[in-house]
Number of protein chains: 2
Amino acid sequence: MSKAKKPEVRKMEIIQAALELFAQDGYENTSVNHIIERAGVSKGGFYHHYDSKAQLLEDIARLFLDKIAERIQGIAEMEDLSALEKTNEYFRQVNSYKEQRAAEVSTILAGMYSGGKNIQLEHAIFQYGSKRIAPLMTEIIRQGIEEGEFGTEFPEEAAEMFVRLFVINQNQMSELFFQALQQEKREEAEKIVDVIKRKYQFFQQLLEDTLGLEKGSLVLQEVAEETVNYLLKALDAR
Amino acid sequence: MSKAKKPEVRKMEIIQAALELFAQDGYENTSVNHIIERAGVSKGGFYHHYDSKAQLLEDIARLFLDKIAERIQGIAEMEDLSALEKTNEYFRQVNSYKEQRAAEVSTILAGMYSGGKNIQLEHAIFQYGSKRIAPLMTEIIRQGIEEGEFGTEFPEEAAEMFVRLFVINQNQMSELFFQALQQEKREEAEKIVDVIKRKYQFFQQLLEDTLGLEKGSLVLQEVAEETVNYLLKALDAR
DNA sequence: TATAACAGACCGACGGTCGGTCTTTATTCC
DNA sequence: GGAATAAAGACCGACCGTCGGTCTGTTATA
């Protein structure tokens, strides 16, 4: 019998186990019994910390997004940056974070979105993201409008759409990334790399339109290149 | 014991029952037992026609979208219309269809999306919509580019995004529509009406940007007005 | 010693299966 | 052509394993 642990520790063990299983089988196909087996905790233990399986999902979404929100908060408070510089700084930070942690989370993230098997998680993330991130983005957009670089009559709507598009993009890219790694023929994998590049271009334009920015203002292209380089390296290393 | 029926008839009975229950309780909270009870068919009967509950969902999505696809197909084949005219014609048709059928389906549709309780249905609709509708839209966009009115380097991506945005818009509007009807105070309801108008404006701009159209090219504003008028009438009639 | 952290037997409901029955349609024989 | 028969398909409902969640009891910690 395992001894009692601090709630945060146990919760993290449960979350870790759940994440791995969600990535493998999806939220729906992962039972609470599987989760507790992997986490090494009993039914009673699980339901002592969580009221329901759905609440665990919320907790996971919050965990992800609170980190991101902190970063954005930090960027938003840099008073010597323009709104556009803040936005681009955010893109760079998210990417460097992903690259740092790639080894530990890439497979999880990749599995997370592959095959559209995790709509619930996706939805939870967007839901909480709208609440947590959209308001921060709204402020940045407002600043950008004052500075004259952003141009939209609908800051709130644009911010929400920004979050939405970001999540969609993230999911699509993760899925393509994973697909590329699955390909046996190098040729096929590189076709997918081209699709990734193309999608990034499209998303950059769409985000610029959404925020009313000049074409080429955002640095998503940089991000795309780094992602592609990382993917190509991974393909070589196979 | 009820006599044997043609598969299409039974399937429609099952779909009808399922739709009503999905609208009321959401997909997840609706059990197969409830569906078969309402449809007046046995467990074995249900699983004779459908391999799983999920397959029923796919069937429902297909039913919805095939109708829409036929309409778009019809519009796409009108050779004397420009791509922009085709797009706007589509908006008008969808709206007139919704108004015609409003009495029978409005409450169902409204309940369907309210509270985000039907992500599965939403996902199924987008999934099948991408396959069925996006290709048709891609062709219209290509035509528009040739004619010089549309301006995007990414016709396929734009088409897919168009479908995506359309579904999102539809869901948001249905939810707001429902919310407005729920309000007790007229004042509160009219606030929501303003939100609806605002969202429509935003979506029009975003769709125009996505397709690379001139501002004000799309007639979503017309659609918005009709929707709002219909809603106001419904509020008066309470 | 009170309380938080667990354990695990247990519950009703769930999605899905299975052996079998009844209805409809196709085929055969006269 | 019409009755007899066989094959096909629609349908039934008891049943199964598993699910998310509850409950009562035990152990550790402050």
Side-chain angles (χ1 to χ4, degrees), chain A residues 1-61 115-121 123-124, chain B residues 1-61 115-121 123-124:
Chain A
M1 187 184 313
S2 72
K3 41 182 283 187
K5 296 180 181 177
K6 289 270 168 71
E8 317 116 39
V9 177
R10 257 284 187 270
K11 280 191 172 186
M12 276 312 295
E13 288 173 358
I14 292 172
I15 287 175
Q16 185 60 33
L19 271 177
E20 289 165 15
L21 290 171
F22 289 171
Q24 210 178 86
D25 308 319
Y27 173 79
E28 292 234 73
N29 301 322
T30 300
S31 69
V32 174
N33 283 324
H34 287 149
I35 295 172
I36 64 177
E37 188 188 346
R38 186 163 194 138
V41 71
S42 71
K43 213 61 177 290
F46 178 90
Y47 281 97
H48 174 71
H49 293 292
Y50 290 107
D51 288 346
S52 67
K53 189 186 168 191
Q55 205 181 80
L56 168 62
L57 193 68
E58 279 179 41
D59 209 42
I60 289 175
K117 271 285 165 199
N118 260 315
I119 353 164
Q120 331 261 0
L121 180 61
H123 185 257
Chain B
M1 187 186 312
S2 75
K3 42 182 284 186
K5 296 181 181 177
K6 289 273 163 72
E8 317 117 40
V9 176
R10 253 288 132 74
K11 281 191 171 186
M12 276 313 296
E13 287 174 358
I14 293 172
I15 287 175
Q16 184 61 32
L19 272 177
E20 289 166 13
L21 289 171
F22 289 172
Q24 210 176 85
D25 308 320
Y27 173 79
E28 293 233 75
N29 300 322
T30 300
S31 72
V32 175
N33 284 324
H34 286 149
I35 296 172
I36 65 177
E37 188 189 343
R38 188 165 193 135
V41 70
S42 70
K43 210 61 175 293
F46 177 90
Y47 280 99
H48 173 72
H49 292 293
Y50 291 108
D51 287 346
S52 67
K53 191 185 166 190
Q55 205 181 81
L56 166 64
L57 192 67
E58 280 179 40
D59 208 42
I60 289 175
K117 270 285 164 200
N118 261 314
I119 352 166
Q120 331 260 3
L121 179 62
H123 185 258

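The sequence lines fix the lettering, A, B, ..., with proteins before strands; numbering per chain opens at 1. No experiment lies behind these values; they were computed from the predicted model shown.
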Trainee: How about B/Glu37: does its CD atom have over 12 heavy atoms from other parts shown lying under 6.0 Å from it?
Mentor: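 Open.
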Trainee: Between C1' on C/dG19 and NE2 on B/His48, what's the gap in Å once rounded to a whole number?
Mentor: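 After rounding, the gap between these two atoms is 15 Å.
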Trainee: Taking all non-hydrogen atoms of both residues, which atom of B/Val41 and which atom of B/Phe46 are closest, and how far apart?
Mentor: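 Looking at all heavy atoms of both residues, the shortest contact is CG2-N, 4.2 Å.
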Trainee: Taking the six-membered ring of B/Tyr50 as reference, does the NZ or CZ atom of B/Lys11 fall below 6.0 Å from its centre and within a 45° cone about the axis?
Mentor: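 Pair B/Lys11/B/Tyr50 counts as cation-pi.
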Trainee: So do B/Tyr27 and B/Leu56 actually touch side chain to side chain, heavy atoms under 4.5 Å?
Mentor: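 With C-beta onward as the side chain, the pair stays apart.
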Trainee: Which nucleotide in the set D/dA10, C/dC6, C/dG16 lies at the smallest distance from any side-chain heavy atom of B/Ser52?
Mentor: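 Closest nucleotide to the B/Ser52 side chain: C/dG16.
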Trainee: Starting at CD of A/Glu13 and ending at P of C/dA5, how long is that distance when rounded to a whole Å?
Mentor: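 Atom-to-atom, A/Glu13 to C/dA5, this comes out as 14 Å.
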Trainee: Rounded to whole Å, how long is the line connecting atom CD1 of A/Ile36 with atom C1' of C/dA7?
Mentor: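 To the nearest whole Å, that distance equals 10 Å.
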Trainee: Whole Å only: how far is the CG atom of B/Asn29 from the P atom of C/dG15?
Mentor: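 After rounding, the reported distance stands at 10 Å.
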Trainee: ring-ring contact (aromatic ring centres under 6.0 Å, His included) with B/Tyr47: which residues, sequence neighbours excluded?
Mentor: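 With neighbours one apart ignored, the set is empty.
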Trainee: Just the rounded figure in Å: distance from P of C/dG15 to CG of B/Leu21.
Mentor: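 The answer, rounded to whole Å, is 12 Å.
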Trainee: Take the C1' atoms of the five end pairs on each side of the helix from C/dT1-D/dA30 to C/dC30-D/dG1, get both axes, and report the angle to 10 degrees.
Mentor: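 Both end axes considered, the difference amounts to 10°.
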Trainee: Can you give one letter per nucleotide of nucleotides 13-18 of chain D, going 5' to 3': B for a protein heavy atom under 4.0 Å from the base, S for sugar-phosphate only, - for none?
Mentor: BB----
Trainee: Cation over ring, B/Lys117 on B/Phe22, under 6.0 Å and within 45°?
Mentor: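 Cation-pi check for B/Lys117 and B/Phe22: fails.
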Trainee: Taking the side chain as every heavy atom from C-beta outward, state whether B/Arg38 and B/Ile14 have any pair of such atoms under 4.5 Å apart.
Mentor: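 When only atoms from C-beta onward are counted, B/Ile14 and B/Arg38 do not touch, as no gap falls below 4.5 Å.
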Trainee: If I take atom OH in residue A/Tyr27 and atom C1' in nucleotide D/dC19, what distance separates them, rounded to the nearest angstrom?
Mentor: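 Checked: the OH to C1' distance equals 12 Å.
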Trainee: As a test of reading the structure: which of C/dG15, D/dC12, C/dC6 is closest to the side chain of B/Lys53, going by heavy atoms?
Mentor: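 The answer is C/dG15.
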Trainee: Expressed in angstrom and rounded to an integer, what is the separation of B/Arg10 atom CZ from D/dG9 atom C1'?
Mentor: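 Checked: the CZ to C1' distance equals 13 Å.
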Trainee: Between P on C/dG16 and NE2 on B/His49, what's the gap in Å once rounded to a whole number?
Mentor: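 Roughly 16 Å, once rounded to whole Å.
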Trainee: Give the nucleotide from the list C/dC14, D/dT22, C/dA7 with an atom nearest to the side chain of A/Tyr47.
Mentor: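 My answer, after comparing the listed nucleotides, is D/dT22.
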Trainee: Could you please spell out the steps behind the side-chain hydrogen bond (donor to acceptor under 3.5 Å, both in side chains) verdict for B/Glu20 and B/Gln16?
Mentor: CA-CA 6 Å; B/Glu20 289 166 13; B/Gln16 184 61 32; 3.0 Å; yes
Trainee: Of A/Asp51 and A/His34, whose closest DNA chain D nucleotide lies nearer the 5' terminus?
Mentor: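 Closest to the 5' end, via its nearest nucleotide, is A/His34.
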Trainee: Nearest heavy atom decides the nucleotide; on that basis, is B/Lys6 or A/Val41 closer to the 5' end of DNA chain C?
Mentor: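 Between the two, 5'-proximity favours A/Val41.
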Trainee: Just so I know, are the side chains of A/His49 and A/Gln55 near enough to count as touching, which here means a heavy-atom distance under 4.5 Å?
Mentor: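 They are not in side-chain contact.
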